[in-house]
Amino acid sequence: MSDLKLDAEGLYLELQRGVQRLLSADTALVGIWSGGAWLAERLAADLGVAAGTISSALHRDDFGSRGMAKADHTRLPFDVNGRDILLIDDVLYTGRTTRAVINELFDFGRPARVQLAVLVDRGGRQLPIEPAFSAARVTLAPGQSLRLARAGEGRFSFEVQ
């Protein structure tokens, strides 16, 4: 366990301000399953914009070690073609999930633009993926992970493992 203490609710408010600056008249939020989906759902309600959910399960490059996900959580209740898409994720690390999600997104159409906003960027990229906005940047020890949790009333917290 780590001594790292992050205020997930405070970072959510910072993410909300950053996302608001990135919005255009034709932006839809797409939350990356699962933590990013929770964030996108709450942001959509707070900002009054369209939102959907996307899963990386069908396009992951670590399929052999992780196995196939049991359910596909992709739900895009709007036309992706020509739309500005703002991907929302809880934690950005290697960039591999983001790459897989972009591949999934293009299975649904051709967006005008795709940007990424994250609650926490922990560095350590293995691919050239960079968020347009991150509420915080943290460094974790090798082998540690950071996971967003959501309580029954919708409040966010972090678990460091």
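Qualifying side-chain hydrogen bond (donor to acceptor under 3.5 Å, both in side chains) partners for D26, counting only residues two or more places apart in sequence or in other chains: R83. Every residue meeting the side-chain hydrogen bond (donor to acceptor under 3.5 Å, both in side chains) condition with Y12, not counting sequence neighbours, appears here in chain and number order: D46. With sequence neighbours excluded, the residues that form a side-chain hydrogen bond (donor to acceptor under 3.5 Å, both in side chains) with T74 are D72, E104.
If you take NZ on K5 and OG on S157, they are separated by 11.0 Å, rounding to the nearest 0.5 Å. Put simply, CD on Q115 and OG on S24 are 8.5 Å apart, with the number rounded to the nearest 0.5 Å.
Linking ILVMFWY residues whenever their side-chain heavy atoms come closer than 4.5 Å, directly or via other members, places L116 and V80 in the same cluster. Both L11 and L86 belong to a single network of hydrophobic side chains, linked directly or stepwise wherever heavy atoms of I, L, V, M, F, W or Y lie under 4.5 Å apart. Residues L15 and F158 fall within the same hydrophobic cluster, defined by Ile, Leu, Val, Met, Phe, Trp and Tyr side chains chained together at heavy-atom separations under 4.5 Å. By the rule that hydrophobic residues join a cluster once side-chain heavy atoms approach within less than 4.5 Å of another member, L6 and Y93 end up as members of separate clusters. Tracing side-chain contacts under 4.5 Å through hydrophobic residues (I, L, V, M, F, W, Y), one reaches I54 starting from I129; they form part of the same cluster.
In this structure a side-chain-to-backbone donor-acceptor pair under 3.5 Å is missing from R17 to R21. Proximity of a side-chain donor or acceptor of D7 to a complementary backbone N or O of G10 within less than 3.5 Å is detected. Q144 contributes a side-chain N or O that, together with a main-chain N or O of A141, makes up a donor-acceptor pair within less than 3.5 Å. Under the 3.5 Å distance criterion, the side-chain polar atoms of N81 are matched with a main-chain donor or acceptor of R110. Side-chain atoms of R122 never come within 3.5 Å of backbone atoms of V91 as a donor-acceptor pair (strictly under, hydrogens ignored).
Contact detail for L22 and A132: the closest heavy-atom pair is CD1-CB, 4.0 Å. Of all the heavy atoms in L105 and P111, the pair that sits closest is CD2-CG, 3.9 Å. Among all heavy-atom pairs drawn from A40 and A51, the shortest one is O-CB, 4.0 Å. Here the closest heavy-atom approach between residue A100 and residue S56 is recorded as CB-CB, 3.7 Å. In terms of heavy atoms, L76 sits closest to T53 at CD2-O, 3.8 Å. Nearest approach of P131 to R125, heavy atoms of both residues: CD-NH2, 4.0 Å.
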Stepwise side-chain contact (heavy atoms from CB on, under 4.5 Å) test for L87 and V101: CA-CA 9 Å; L87 294 174; V101 161; 3.8 Å; yes

Step-by-step side-chain contact (heavy atoms from CB on, under 4.5 Å) determination, I32 to T97: CA-CA 9 Å; I32 299 173; T97 298; 3.8 Å; yes

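Taking 4.5 Å as the limit, every side-chain heavy atom of R113 sits out of range of all side-chain heavy atoms of I85. Contact annotation: the side chain of V114 never approaches that of V30 to less than 4.5 Å [non-hydrogen atoms, C-beta and beyond]. With a 4.5 Å cut-off on side-chain heavy atoms, V19 and I88 count as touching. Residues F133 and D121 are not in side-chain contact: their nearest non-hydrogen atoms beyond the backbone lie 4.5 Å or more apart. Between V49 and T27, the closest side-chain pair of non-hydrogen atoms is not below 4.5 Å.
A donor-acceptor contact under 3.5 angstrom links the side chains of Q126 and R96, judged on distance only.
The residues E9 and R42 are annotated as salt-bridged, a charged nitrogen and a carboxylate oxygen being separated by less than 4.0 angstrom.
R150 forms no cation-pi arrangement with F156, by the criterion of a distance under 6.0 Å to the ring centre and an angle within 45° of the ring axis.
With V120 as the partner, the side chain to side chain contact (heavy atoms under 4.5 Å, CB included) test is satisfied by one option alone out of L140, V138, L148: V138.
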